[in-house]
Number of protein chains: 2
Amino acid sequence: MPRWPASDGDTASSVLDVAERLVQTRGFNGFSYADVAAELQLSKAALHYHFPGKAELGEALLVRYTLRFAAALETMGSQPLDAPGKLAAYANLYLDVLRQDRMCLCGMIAAEYQTLPEAMQAIVVQFFLDNETWLGRVLEQGLTEGTIGIGGSTEDTARSIVANLEGAMLVAWPFHDIDRFQTAASATITALRPAV
Amino acid sequence: MPRWPASDGDTASSVLDVAERLVQTRGFNGFSYADVAAELQLSKAALHYHFPGKAELGEALLVRYTLRFAAALETMGSQPLDAPGKLAAYANLYLDVLRQDRMCLCGMIAAEYQTLPEAMQAIVVQFFLDNETWLGRVLEQGLTEGTIGIGGSTEDTARSIVANLEGAMLVAWPFHDIDRFQTAASATITALRPAV
DNA sequence: GTCTATAACGAGATAGAC
DNA sequence: GTCTATCTCGTTATAGAC
């Protein structure tokens, strides 16, 4: 049981770990197989064994990320929390990403959308749709509870929440300033308080 | 006076025009000198005559863009409009970019921030700061007029507006859906109506 | 100002040994 | 599963002619 390479129970997932961080910090067009190989002290050929090409690596990356994200949402959704609590928890998912000095994976590649392999394009679109669906349910719960108040439809409000959080992250990113995200995120969430 | 190449009164600005569109659609890491040269039917060497390297081209691009944007803001700011009118005009600047099937130049490169030449990094940060400063003044005008109402400070609200519009654009981008931007943008602006 | 030619390098990918 | 070696191509950039 060697201590190095760490977590060699699965090289493929180590590759995904490194690639994921590189995409979230440099973008899909901003990293190469050589970057990943160097960091894991592997050859580029070894990477090609696990993922035939960069397109497949990118796709695997996005699939894993969106599955994890969906699982986190499912867990949060079934928690005994009121709607504002769930929305705060949702915003905290984004905050945690920034705390790791990363951009939202899907926000990053949304910018690069036009240059991506088709499989990746489809996944990023679905990611946003799934987020909006989940948020829409939380908003409905809040309306039922009387814990939130919204101007428009739950669908449009859900879209606004995703857009606002992604934008807060995008702008905070060059400033390397978490407070910048926090303030904008809080404003978005508190704007959903019920009218008195 | 030849009709082709069009606007050869200044090759450099034609280069900037093409490069600008490419950055706004594919990102700074998603286009090359060869792309620009092919489109203008020039050699790559000719591009290097006008801009020594890609870093200098990117910088020139951002300088021109931010100067134009600043000029547009200055014009709008001195217009005899109330604050809500100026905010709507501001949101329309973003809308016009999407209508050309482009992302906000600075939003795009904000995502790529960590991979950019330092000169470009400095300019994108300043772009957001200038936007927030302008918006802060409009919000102050609105408070004086009684035409807007905000929860927090003018500074934080200005930051939220920039973040919300950039985010609405980023998410609308993969969907290629202008309505998606419009709805989120309207929500952001109408949320600033004064409390009755 | 623009060209051709080419250098120098990096990225994505494959072949075949171990 | 991982390696070395190699291939092909694209990208940035320069040299020097016109």
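Both backbone and side-chain heavy atoms feed into the values below; hydrogens, waters and symmetry mates do not. Below, chain A is the first sequence line, B the second, and so on; all start at residue 1.
- A sub-4.0 Å separation between OP1 or OP2 of C:dG1 and a side-chain N or O of B:Tyr49 is present.
- Distance, B:Asn29 CG to D:dT11 P: 12 Å, rounded to whole Å.
- For B:Ser43, the listed nucleotide lying nearest its side chain is C:dC3; candidates were C:dC3, D:dT2, C:dT2.
- Sorted by first and then second residue, the ring-ring contact (aromatic ring centres under 6.0 Å, His included) pairs involving residues 170-196 of chain A (not counting sequence neighbours) form an empty list.
- Exactly one residue among B:Val97, B:Asp96, B:Asp101 makes a side-chain contact (heavy atoms from CB on, under 4.5 Å) with B:Arg99. That residue is B:Asp96.
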When you check every protein heavy atom under 4.0 Å of nucleotides 7-12 of chain C, what one-letter string (B, S, -) results, 5' to 3'? ----SB

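- For A:Val23 against A:Met108, the heavy-atom pair with the smallest separation is O-CG, 3.3 Å.
- Atom P of nucleotide D:dA13 and atom CD of B:Glu56 are separated by 7 Å, given to the nearest angstrom.
- In this structure, B:Glu74 places its CD atom where only 12 or fewer heavy-atom neighbours from other residues, nucleotides or ligands lie under 6.0 Å away.
- When rounded to the nearest whole Å, the span between CD of B:Gln41 and C1' of C:dG1 equals 16 Å.
- Taking atom CG of residue A:Leu42 and atom P of nucleotide D:dG1, one finds them 12 Å apart after rounding to whole Å.
- Remark: side-chain polar atoms of A:Glu166 are not paired, donor with acceptor, to backbone N or O of B:Val171 under 3.5 angstrom.
- Listed by first and then second residue, the ring-ring contact (aromatic ring centres under 6.0 Å, His included) pairs involving residues 114-148 of chain B are B:Phe69-B:Phe127, B:Tyr90-B:Trp134 (not counting sequence neighbours).
- Distances were taken from every side-chain heavy atom of A:Thr11 (C-beta onward) to each of D:dT4, C:dC3, D:dT2; the shortest belongs to D:dT2.
- Rounded to whole Å, the distance from CG on A:Asp10 to P on D:dG1 is 9 Å.
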